[in-house]
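Numbered from 1 within each chain, the chains take letters A, B, ... in sequence-line order. These values consider heavy atoms only, across backbone and side chains, with no hydrogens, waters or symmetry-generated copies.
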Amino acid sequence: MAEATGTRRTELAPRYDPSGLEGELYDEWVDRGLFHVAASDADDPYVIVIPPPNVTAALHMGHGLNNTIQDVLTRYRRMQGYDALYLPGTDHAGIATQNVVERTIREEGKTRFDLGREAFVERVWEWVDEYGSTIIEQLRVIGCSCDWERTRFTLDEGLSQAVREVFVRLYERGLVYRGRYIINWCPRCGTALSNEEAEHRDHTGRLYRIRYPLVGEGDAFVEVATTRPETMLGDTGLAVHPDDDRYRDLAGRTAILPLVGRELVVVADDYVDPEFGSGVVKLTPAHDPNDFEIARRHGLEALDVMTDAAEMNDAVPEPYRGLDRLEARERVVADLEAGGYLVGVEDHAHSLGRCYRCDTIVEPRLSDQWFVKMKPLAEPALEAYLKGDLRFHPERYGKIYQNWMENIRDWVISRQLWWGHRIPVWYCRENGCDEMVVAREDPDRCPACGGELEQDSDVLDTWFSSWLWPFSTLGWPEKTEDLEAFYPTDTLVTAPEILFFWVARMVMAGFEFMGELPFTDVLLNGTVRDHQGRRMSKSLGNGIDPLEVVDLYGADAMRFTLIRGAPLGTDLQLNNEDLEEAFRPGRNFANKIWNAARFALPHLSDASDPESGAERLLADRWILSRLARVTGEIDEAFDTFRLHEVAESCHSFIWGDFCDWYLELAKRRLDDPESGGHRVAALTLGEAMDGWLRLLHPIMPFVTEAIARRLPGRGPEDTLVMGPWPEPAADRIDEEAEGAIEALRELVGSIRALRAEYRLDPGKPLDVRLAGASAGLRRALSEERDAVRRMASLSTIDEVEDGPIAVEGEPGASAVLRTGGEVFIPLAGVIDLDRERERLTGETEQISGLLRATRGKLGNSGFVDNAPEEVVQRERDKLDSLAEQLERLEDKLRSLGATAS
RNA sequence: GGGGCGGUAGCUCAGCUGGCUAGAGCGCUGCGUUCACAUCGCAGAAGUCGGGGGUUCGAGUCCCUCUCGCCCCACCA
């Protein structure tokens with residue numbers, strides 16, 4: 001990077017090597033503060049907040065995709081002149097982080113209880129201080145242009161203040177409450193989980209049919225069905241449907257709970273489905289949400305029969321105490337069978353909730369927890385979507401969001417963990433004083449009796465801090481300059497898995513605490529999968545390490561491959577067993593650009609204004625016209641978040657138009673430094689490159705920057721990072737030049753095709769004749785004759801003005817051009833005339849088929865009257881072109897002595 | 001049970017409000033090493049657009065239906 005910019009012939013390696021170069025550029029950008037935005041300067045902000053990764057996380061390909069998308073959007077807006085802020089940070093991730101540190105102390109043979117709460121939390125902080133910024137550092141490697149001066153952590157002082165403020169406010173509004181309900185409990189993590197944190201998966205279990213004897217009725221019994229026989233130890237009743245004729249007189253009678261001997265009253269309740277099982281339900285109110293509801297309606301008690309670890313507790317008969325719930329199940333079933341109570345067992349498919357952090361089967365369990373009442377919060381969040389203020393990309397996620405909002409349930413926010421935001425609630429320990437204090441500042445003594453207070457031992461759900469992220473990171477609840485300048489943010493980019501966990505809740509928090517949406521557009525990126533379509537995961541070991549990819553192929557190659565491979569709303573498949581195959585497109589593209597620059601750079605300093613001498617040629621006008629069009633297409637693609645189209649457009653323009661054609665056409669002039677044309681070509685070359693380097697910069701920031709600073713008159717102090725972004729110059733759209741160069745491309749292409757068709761020696765220059773060429777093609781040819789000769793390997797091109805292109809029966813190969821005219825390659829002694837006739841006959845059939853179809857269309861008044869004029873005109877033009885092609889083909893065949901078909 | 005999505009070339013996918021002879025990358029076949037790039041160039045093969053019906057001048061695109069996949073939500077024991 002230290003090369004003198006004054007050197008005219010910069011020596012570039014023939015292979016692009018991103019290693020070293022990317023890191024240096026990145027450091028330089030950061031050192032110059034290019035990614036930092038001060039609130040005082042932010043007149044026109046564009047803001048993206050990162051979905052804060054867990055502090056325990058290492059960067060994986062999912063982040064790679066997600067963060068690259070955020071960075072591409074940010075860089076685009078920054079180049080357009082917005083005060084673009086990409087705000088980074090991490091999440092304290094309560095359960096995940098606590099688990100990680102518990103594992104490390106387990107290696108010392110200890111548990112968190114051995115250390116005690118304070119010492120354990122201290123250990124977690126030590127861990128976070130040491131490893132917590134790993135993922136943040138890794139984001140730099142992939143080129144993310146984050147404002148590092150604003151890095152936040154959900155347990156920072158300020159963010160913790162926000163959490164506390166929110167809890168207290170919601171409590172004051174009556175939206176936070178404490179209650180005893182059935183919640184999902186993870187016995188391994190030892191904590192309550194929200195509905196979202198319990199993942200339901202299908203499972204084939206068993207359905208056990210059990211007899212419960214009726215009291216005082218001899219051998220009479222009722223049969224019940226259950227998938228969880230161990231919970232019967234906590235049964236406190238039975239239920240039937242009130243209209244079930246079979247059990248019309250059963251309600252009010254009493255049954256005996258086998259193995260326990262407790263008497264159970266039978267109640268009648270609408271909830272019971274007479275179709276299922278025997279139509280009699282056992283009620284275990286402490287371990288089943290439905291049973292809990294029924295029991296409450298009928299005043300039945302709830303008996304918790306398990307410990308925190310899901311082992312049977314002292315409320316069950318002695319033989320079962322201390323058994324794990326699954327061991328207890330076996331034991332209960334065996335005992336039922338021995339006692340003659342078991343009627344039958346059958347397979348039964350149902351779904352089981354599992355802990356999203358450790359996959360343990362969750363236990364529905366009655367316990368005291370804190371909840372947020374969600375319905376009032378959901379109303380404005382739902383309305384914002386229905387009104388169109390909140391948009392999802394792809395749109396279908398809006399319906400999923402709507403469905404969730406409409407069926408929202410209260411949110412359990414207390415967690416029985418040590419790592420996290422402590423619940424700001426204190427209880428008076430004084431005998432007989434029931435005072436509870438909910439406070440923003442830690443209270444000293446009980447305000448009622450002056451007694452000692454004890455803080456609630458629970459912490460809050462991690463997501464209770466994440467949902468504040470778009471404003472807590474900007475200083476809320478303080479009225480900061482940042483908040484004023486950067487809230488609301490603009491685009492939220494995240495994975496669909498956390499639509500409910502995070503996105504939906506942020507929208508609710510935005511309305512509740514800031515009075516407006518936290519962002520207007522939500523972009524949901526797809527999932528990264530391996531070659532077999534499986535989700536990449538640690539446990540499958542099928543992940544791809546982004547750092548390894550960067551190391552091998554460069555961040556640009558990775559970014560391009562990801563963006564180009566992931567159209568909006570689709571998953572991205574990458575071959576995890578062959579990284580080169582997976583990332584080759586990006587690597588090759590970077591190399592292609594590098595080599596185009598390697599060729600072009602030495603010429604650019606010769607550029608001068610066309611007015612000082614020669615005119616721009618059609619080729620020059622064409623490439624600038626194409627650039628203008630592509631710029632417009634790219635802006636449109638950005639506006640609709642179709643980033644893969646941005647990548648695609650850059651790729652096809654740079655490779656397919658600029659490298660394959662413009663450079664080839666310009667070479668002749670560039671190689672002749674004496675001509676005025678040389679200066680014009682150099683000028684155009686520089687303009688085109690300047691344009692596409694900028695267009696591509698958001699996706700491939702490094703290679704574009706490395707090249708841009710080698711352009712004449714530019715140095716290391718000039719950067720693409722701050723723009724400007726190219727304007728889609730409408731005045732450069734040039735239909736004439738596009739038509740002419742298009743015809744020229746077809747001419748070259750068809751000669752090449754004939755050469756391949758007849759396996760002509762690739763090195764041997766040919767003589768060709770051209771007849772009936774359009775004015776545009778003739779003009780293009782007059783400008784680019786030498787270039788065409790070189791590209792098609794020709795010695796002469798004879799333009800036949802009048803008369804036939806070949807004498808009757810002259811051996812040779814012909815091609816009829818769609819853009820008008822005909823090419824003939826005389827090939828005495830080489831060509832097989834039969835074969836040529838056959839080939840031309842095939843083409844004739846194809847063209848006449850199309851011609852028939854087109855004629856039919858235009859002869860149909862329904863079409864001509866109804867279709868837009870533009871479409872009809874296109875068909876007319878097509879008809880003319882096809883008719884001409886057909887005529888030429890038929891003439892050709894006649895001259896070869898064949899009967900035209 | 002409720003909600004949502006998808007089936008286009010061997011593979012992964014584009015094809016946006018219906019309208020050029022349905023495209024791209026990878027893979028495959030053939031040819032090519034002087035003049036930026038073999039991480040390259042040129043040419044080529046390959047598609048009943050899941051099946052059926054309908055609307056329309058016109059359907060890969062809209063509607064219905066069947067079929068095959070996938071995802072999310074849900075308290076039927």
Of the listed nucleotides ([options]), which one gets closest to any side-chain atom of [X]?
X: Lys667(A); options: A36(B), C40(B), A14(B); answer: A36(B)
X: Phe500(A); options: C20(B), C73(B), C75(B); answer: C73(B)
X: Pro567(A); options: A14(B), A77(B), C75(B); answer: A14(B)
X: Asn403(A); options: G3(B), C13(B), C42(B); answer: G3(B)
X: Asn591(A); options: C37(B), G19(B), C57(B); answer: C37(B)
X: Pro585(A); options: C13(B), G25(B), A43(B); answer: G25(B)

Which comes earlier along RNA chain B counting from the 5' end, the contact point of Leu663(A) or that of Asn195(A), where each point is its nearest nucleotide?
->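 Per heavy-atom nearest nucleotide, the more 5' residue is Leu663(A).
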Would you kindly compare Arg874(A) and Tyr16(A) by the position of their nearest RNA chain B nucleotide and give the one closer to the 5′ end?
->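 That would be Arg874(A).
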Counting only side-chain nitrogens and oxygens, does [X] get under 4.0 Å of the OP1 or OP2 atom of [N]?
X: Arg409(A); N: C75(B); result: yes
X: Trp404(A); N: A74(B); result: no
X: Arg584(A); N: U39(B); result: no
X: Asn588(A); N: C40(B); result: yes
X: Arg564(A); N: U12(B); result: no

Neighbour count above 12 (heavy atom, 6.0 Å) for [X] [atom1]:
X: Glu636(A); atom1: CD; result: no
X: Glu869(A); atom1: CD; result: yes
X: Arg206(A); atom1: CZ; result: no
X: Glu346(A); atom1: CD; result: yes

Nearest whole angstrom, please: distance from the [atom2] of [N] to the [atom1] of [X].
X: Gln402(A); N: C72(B); atom1: CD; atom2: C1'; result: 15 Å
X: Ile408(A); N: G3(B); atom1: CD1; atom2: P; result: 19 Å
X: Glu648(A); N: G25(B); atom1: CD; atom2: C1'; result: 7 Å

Base, sugar-phosphate alone, or nothing: which one does Asn860(A) contact when heavy atoms must sit under 4.0 Å apart?
->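 The answer is sugar-phosphate, as Asn860(A) gets under 4.0 Å only of primed atoms, P, OP1 or OP2.
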Scan His348(A) against the nucleic acid and name what it touches under 4.0 Å (heavy atoms): base, sugar-phosphate only, or nothing.
->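 Answer is sugar-phosphate: His348(A) comes under 4.0 Å of backbone atoms only.
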Sticking with atom [atom1], work out how far [N] lies from [M], rounded to a whole angstrom.
N: A9(B); M: A46(B); atom1: P; value: 14 Å
N: U61(B); M: A14(B); atom1: C1'; value: 13 Å
N: G69(B); M: A74(B); atom1: C1'; value: 22 Å

What does C26(B) pair with, Watson-Crick or G-U, if both distances are under 3.5 Å?
->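 Because both required distances fall under 3.5 Å, C26(B) counts as paired with G10(B).
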Which one is paired to C35(B), where only Watson-Crick or G-U wobble pairs with both distances under 3.5 angstrom count?
->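 Looking at the geometry, C35(B) pairs with no nucleotide.
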Evaluate the ring planes of Phe560(A) and Phe589(A), with Trp represented by its six-membered ring, and classify them as parallel (under 30°), tilted (30 to 60°) or perpendicular (over 60°).
->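 Plane angle between 30° and 60°, so tilted.
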Any cation-pi pair here, Lys667(A) with Phe599(A), using under 6.0 Å and within 45°?
->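 Judged by the rule, Lys667(A) and Phe599(A) form a cation-pi pair.
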